[in-house]
Amino acid sequence: VACSLARSARGAPGALRAGNDAKRPGEPWYKLPRQDPRAWLGVVLGVVLITFLMPAMYNFALFNLPLAMCLTLGSLGPVTSIPVLWLMKRERITWQIVLGSLLATLGVALFCNTWSPV
């Protein structure tokens with residue numbers, strides 16, 4: 001990584017760059033990268049959903065559901081990300097990915113719903 005970073009500073013081939021949206025020399029740091037409107041829509045949706053909607057929904061669940069149920073629902077992130085990964089990146093979903101995410105959620109569900117302090 002250090003060698004790649006050193007090459008990127010010199011502009012050598014194989015340097016780490018941000019794809020086609022890399023800043024060109026002389027452009028101000030505050031200039032937004034050039035992307036098509038569909039890409040910007042994805043950025044805006046991601047910011048709205050992840051930054052605002054998910055914490056609001058989680059806080060709503062904390063106040064209206066039992067804590068064990070809320071924690072179990074909060075652990076569903078890996079399960080819900082599998083279809084998104086397939087839809088957006090067309091990445092191959094293996095049985096190990098599905099099994100791992102289900103086991104993680106099942107572990108939280110069992111721990112939260114069976115453990116009680118004495």
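Note that the coordinates shown come from a computational prediction; the quantities given were computed from them, not determined experimentally.
Atom CD1 of I97 sits about 8.5 Å away from atom CZ of R92, to the nearest 0.5 Å. To the nearest 0.5 angstrom, M69 atom CE is 13.0 Å from L62 atom CG. Here W40 contributes atom CH2 and L32 contributes atom CG; the two are 4.5 Å apart, rounded to the nearest 0.5 Å. Between the CD atom of Q96 and the OG atom of S101 there is a distance of 11.5 Å, given to the nearest 0.5 Å.
Through chains of ILVMFWY side-chain contacts below 4.5 Å, V44 is grouped with V48. If you chain together ILVMFWY residues whose side-chain heavy atoms come under 4.5 Å of each other, L41 ends up grouped with L45.
Residue W95 is grouped with residue L103 when hydrophobic side chains (ILVMFWY) are merged at heavy-atom distances under 4.5 angstrom, including chains of intermediate members.
In the displayed structure, F60 atom CZ is contacted under 6.0 Å by at most 12 heavy atoms of other residues, nucleotides or ligands.
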Hey, can you pull the donor-acceptor pairs under 3.5 Å for the side chains in residues 73-91, sequence neighbours left out?
residue: S75; atom: OG; partner: T72; partner atom: O; Å: 2.8
residue: T80; atom: OG1; partner: L76; partner atom: O; Å: 3.2
residue: T80; atom: OG1; partner: G77; partner atom: O; Å: 3.1
residue: S81; atom: OG; partner: G77; partner atom: O; Å: 3.3
residue: S81; atom: OG; partner: P78; partner atom: O; Å: 2.9

